**Q** 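What follows is a single structure, and I will ask about it in a moment.
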Amino acid sequence: MIMSRSEQFSNSLMKVLWKVMIVSGVLIYGSHAILINLCKNENGKIPFSSASVVLLSEVMKFVFSVAFLIPEMLRGAVHFLPLKTLVFFSIPALLYCISNNTAVHVQVYLDPASFQVLCNFKIGIAGILYWLVIRRSISEKQWIALGLITLAGCFNSYGGLKNAQDIIQVRNNVKNSGKQINVTVTGILLMIFYCTMSGLAGISTEYILKRQYKVSIHLQNTLMYLYGIIFNLLAYTSTNHSAGTIYDTSAGFFRGYSKWTVVIVFCQATNGLILSAAMKHSSNLIRLLIIACAMSVNTALSMAIFSLQLNLYFNVAFILVIVALKLYHS
């Protein structure tokens, strides 16, 4: 069947837009840890409430989704779902609420480059969850790749722990020195928890989006982000009233915000929409590819902005991740 010129142009345009979307996702994901660190105060603490930032990004994603949904509703192209199926959209919303808030907290215990390297645990954890939860087959090469990524995380973590005392001394005595690799036990544990929650969120999102593939993605996003607003509002309220919190949320919702915080909110909202489209029309593997490629972006930005000094362990971890990615996607 021969396509008309308009159809060929439309297909070419969609391919270009898809590539732009994936590249944008890599750049946004790779810059997240950098932006968080730019927001830190002199004591190395995050001055804003992570719950407020995640809540604001959920609101922005909801607004965008509704804006995209309205034209479809006016054309009569939207068919609403039965009430009994609406509750399923709360599952990924809850998991993303947990993982997104954890992603901000973990920045206190890891430097940006180490955060991005350890984020590659998502690939291994997601692969194992695919195998356990939805029985997705994994080849021998992919299992080897998952093992290499785990080994890469161990190398980087060992290097950070080994030099922890030296890092503290450098920070206290040499104010003008470059940033060092910084990994703590708390950071590793939070990262494992974060990767697990993120993997479960990705799997549940892909399952729900594809289970009703003919349903408009904008309607699906609207429902999912509406739940996201509810859960993150509860998280913010809980943080605001909990004793011993590291945030003085009584000073206001926007306390500690800066221009970088606003950029984080916008980037998180944009990336959420990008990943949703990727999982709807492709697979969760595209999301994992974005995460893996983001490590190079993050490392480059860390070296340019923070003058990051990379040790041997980080370099070995970086090489192992690159080899693992090639194996995993071969």
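These numbers were taken from a predicted model, which means no experiment stands behind them.
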**Q** Quick one: which of Thr270, Leu35, Val263, Val23 gives a side chain to side chain contact (heavy atoms under 4.5 Å, CB included) with Ile28?
**A** Thr270

**Q** Which residues pass the side chain to side chain donor-acceptor pair (under 3.5 Å) test with Tyr225, not counting sequence neighbours?
**A** none

**Q** Please assess Met197 against Thr102 for the test side-chain contact (heavy atoms from CB on, under 4.5 Å), listing each intermediate value before the final yes or no.
**A** CA-CA 9 Å; Met197 291 297 101; Thr102 305; 5.8 Å; no

**Q** Identify the heavy atoms of Gly187 and Val106 that sit nearest to each other, and give their distance.
**A** O-CG2, 3.6 Å

**Q** Among Leu69, Thr222, Val215, find the one that has a side chain to side chain contact (heavy atoms under 4.5 Å, CB included) with Val78.
**A** Leu69

**Q** Applying side-chain contact (heavy atoms from CB on, under 4.5 Å), run through Lys280 and Tyr213 and close with a yes or a no.
**A** CA-CA 7 Å; Lys280 171 84 170 182; Tyr213 190 80; 4.1 Å; yes

**Q** According to a 4.5 Å side-chain heavy-atom criterion applied to Ile, Leu, Val, Met, Phe, Trp and Tyr, with indirect links allowed, do Val66 and Val59 form part of one hydrophobic cluster?
**A** yes

**Q** So, do Tyr96 and Phe231 have ring centers that fall under 6.0 Å from each other?
**A** no

**Q** Would Ile91 end up clustered with Phe62 when hydrophobic side chains under 4.5 Å apart are linked, directly or stepwise?
**A** yes

**Q** To check you understand the geometry: which heavy-atom pair defines the closest contact between Ser57 and Gln268, and what is its length?
**A** CB-CB, 4.0 Å

**Q** Working note: Asn100 + Val53, criterion side-chain contact (heavy atoms from CB on, under 4.5 Å); need CA distance, chi angles, decisive distance, verdict.
**A** CA-CA 10 Å; Asn100 288 339; Val53 169; over 6 Å; no

**Q** Please give me the minimum heavy-atom distance between Met224 and Ala93, naming the atom from each residue.
**A** O-CB, 3.5 Å

**Q** Show your working on side-chain contact (heavy atoms from CB on, under 4.5 Å) between Cys39 and Ile46 and close with a plain yes or no.
**A** CA-CA 7 Å; Cys39 292; Ile46 300 170; 5.6 Å; no

**Q** Are Leu86 and Ile208 connected in the hydrophobic side-chain network, where two residues link if heavy atoms are under 4.5 Å apart?
**A** yes

